[in-house]
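One structure is given here, and the rest of the page talks about it.
Quick note: residue numbers are just sequence positions, from 1.
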Amino acid sequence: MQNIRNITDKILWVGASDRRLHLFENMFPIPDGVAYNSYVILDEKTAIMDTADSSVTRQYLENLTAALGGRQPDYLVVNHMEPDHCADIAELARLYPSMRIVGNQKTFGLMNQFYNMDLEGRTVVVKEGDVLDLGEHKLTFVMAPMVHWPEAMMTYESTHKILFSADAFGRFGSLERTARAPWVPQARRYYYNIIGKYGAQVQALLKKISALEIKTICPLHG
């Protein structure tokens, strides 16, 4: 059964929660599980924002298929190549042969190491400040190296002022179990354990995105 949530009428959450995992990255206790977030933007051109972990692939693909409603996605934007967000890239490439994959130069360096995929003619390489026009929605790319992998980037949707923030601003906890729980405690734990050691890079990124008007943050966890 699909589980889809609206961010706006045309931007949908299609991720999934893992309620069976006890240790995040085999180190950090997560008694309330964790969410793997992916989003779909429906416009003249359709974009998927990241994928999910292999443990939730079946649920993720069911959500994604329902959200697309028979449409073929034009783009898959890869903000972060960590396996819990990129595990379904090859499957989506197989299911949607006309879909192009969007990332920066370092994204595709890692992708070529992770997957034996023929990407000839299927990549869109972006750099700082590049804009991808979907129609009503315009996506601007913000590089975020070492927050917390070298290829990490964020995507800013300027129409509704939404920041797809990769692993930044995330939190522990599955969506179902933590919907009414205070946001800050698990966000603080997540920051300390996952992002906090990259303080200089975080400060540089915060300075850069402070120039953006942000109304909503869509992270990859929480």
Side-chain angles (χ1 to χ4, degrees), residues 7 13 15 21 23-30 34-39 47-53 75-87 89 101-115 123-132 138-158 160-173 182-222:
I7 308 300
W13 175 89
L21 188 67
L23 294 175
F24 188 77
E25 295 186 349
N26 209 33
M27 296 175 63
F28 310 114
I30 46 171
V34 67
Y36 305 111
N37 297 334
S38 173
Y39 308 88
I48 302 168
M49 311 301 292
D50 295 288
T51 71
D53 187 79
Y75 301 106
L76 167 62
V77 177
V78 181
N79 288 305
H80 188 24
M81 276 295 297
E82 200 169 10
D84 55 345
H85 308 299
C86 79
I89 290 175
I101 303 174
V102 181
N104 59 65
Q105 187 175 13
K106 292 180 179 179
T107 304
F108 293 110
L110 287 174
M111 199 174 297
N112 287 328
Q113 295 178 51
F114 284 18
Y115 296 110
T123 63
V124 179
V125 180
V126 296
K127 59 184 184 302
E128 183 79 35
D130 282 354
V131 177
L132 183 64
K138 312 291 191 292
L139 305 181
T140 301
F141 300 100
V142 181
M143 300 301 117
M146 295 314 299
V147 184
H148 62 120
W149 274 25
E151 89 307 341
M153 68 180 190
M154 298 183 178
T155 302
Y156 177 65
E157 193 284 307
S158 57
H160 297 281
K161 299 175 173 49
I162 297 173
L163 182 69
F164 296 92
S165 64
D167 262 352
F169 303 105
R171 73 188 292 268
F172 293 130
W183 183 82
V184 171
Q186 292 303 321
R188 182 182 290 118
R189 277 191 70 229
Y190 180 87
Y191 178 81
Y192 287 165
N193 288 297
I194 309 301
I195 308 291
K197 54 183 171 287
Y198 303 103
Q201 291 88 345
V202 169
Q203 290 302 314
L205 176 65
L206 290 175
K207 182 178 180 180
K208 186 160 48 174
I209 65 174
S210 68
L212 303 174
E213 183 182 353
I214 299 169
K215 290 186 176 179
T216 305
I217 295 177
C218 291
L220 288 178
H221 292 295

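No hydrogens or angles considered: a donor-acceptor pair under 3.5 Å links the side chains of T155 and N79.
Under the salt bridge (charged side-chain N to carboxylate O under 4.0 Å, His left out) criterion, no residue pair touches residues 182-203, with sequence neighbours excluded. Within the structure, ring pair (Phe, Tyr, Trp, His ring centres under 6.0 Å) contacts touching residues 195-219 (residues at least two apart or in different chains) do not occur.
Contact annotation: the side chain of Y36 never approaches that of L220 to less than 4.5 Å [non-hydrogen atoms, C-beta and beyond]. Between E213 and Y156 the shortest side-chain heavy-atom distance falls below 4.5 Å. Taking 4.5 Å as the limit, every side-chain heavy atom of K161 sits out of range of all side-chain heavy atoms of L212.
The heavy-atom pair separating M154 from A168 by the smallest distance is CE-CB, 3.4 Å. The two residues I101 and F108 make their nearest non-hydrogen contact at O-CZ, 3.3 Å. Contact record, W183 with F169: CZ2-O, 3.8 Å, taken as the closest heavy-atom pair. Contact between C86 and F114 at its shortest, heavy atoms only, is SG-CD2, 3.8 Å. Taking both residues in full, the closest heavy atoms of T51 and H85 are given as OG1-O, 2.7 Å, listed atom of the first, atom of the second, then distance. The two residues D50 and I48 make their nearest non-hydrogen contact at O-CG2, 3.4 Å.
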Please tabulate, for side-chain N and O atoms in residues 139-149, each donor-acceptor pair with protein atoms closer than 3.5 Å (sequence neighbours left out).
{"from": "H148", "atom 1": "NE2", "to": "E82", "atom 2": "OE1", "distance (Å)": "3.1"}
{"from": "H148", "atom 1": "NE2", "to": "D167", "atom 2": "OD2", "distance (Å)": "3.1"}

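Among V126, L76, V78, the single residue meeting the side-chain contact (heavy atoms from CB on, under 4.5 Å) criterion with V102 is V126.
The backbone N or O of G109 lies less than 3.5 Å from no partner atom in the side chain of N112, so there is not a single donor-acceptor pair. Here the side chain of N104 pairs a donor or acceptor atom with the backbone of E151 at under 3.5 angstrom. For S38 (side chain) and M49 (main-chain N/O), a donor-acceptor pair under 3.5 Å exists by modelled atom type. Remark: the backbone N or O of G173 is not paired with any side-chain donor or acceptor of Y190 at under 3.5 angstrom. Formation of a donor-acceptor pair under 3.5 Å by the Y191 side chain with backbone atoms of R171 is not found in this model.
Put simply, CD on Q105 and CG on L110 are 11.5 Å apart, with the number rounded to the nearest 0.5 Å. Summarising the geometry, atom SG belonging to C218 is positioned 4.5 Å from atom CD1 belonging to I7; distances are rounded to the nearest 0.5 Å. Rounding to the nearest 0.5 Å places CE of M111 at 9.0 Å from OG1 of T123. A distance of 9.0 Å separates OG in S165 from CD1 in I214, rounded to the nearest 0.5 Å. One distance of note links CD of E157 with OG1 of T216; it measures 9.5 Å at 0.5 Å rounding.
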Please assess I162 against K215 for the test side chain to side chain contact (heavy atoms under 4.5 Å, CB included), listing each intermediate value before the final yes or no. CA-CA 6 Å; I162 297 173; K215 290 186 176 179; over 6 Å; no
Side chain to side chain contact (heavy atoms under 4.5 Å, CB included) for K208 and E128? Distances and angles first, verdict last. CA-CA 11 Å; K208 186 160 48 174; E128 183 79 35; 3.1 Å; yes
How far apart are the C-alpha atoms of H221 and D84, what are their side-chain angles, what is the distance that settles it, and do they pass the side chain to side chain donor-acceptor pair (under 3.5 Å) test? CA-CA 10 Å; H221 292 295; D84 55 345; 3.1 Å; yes
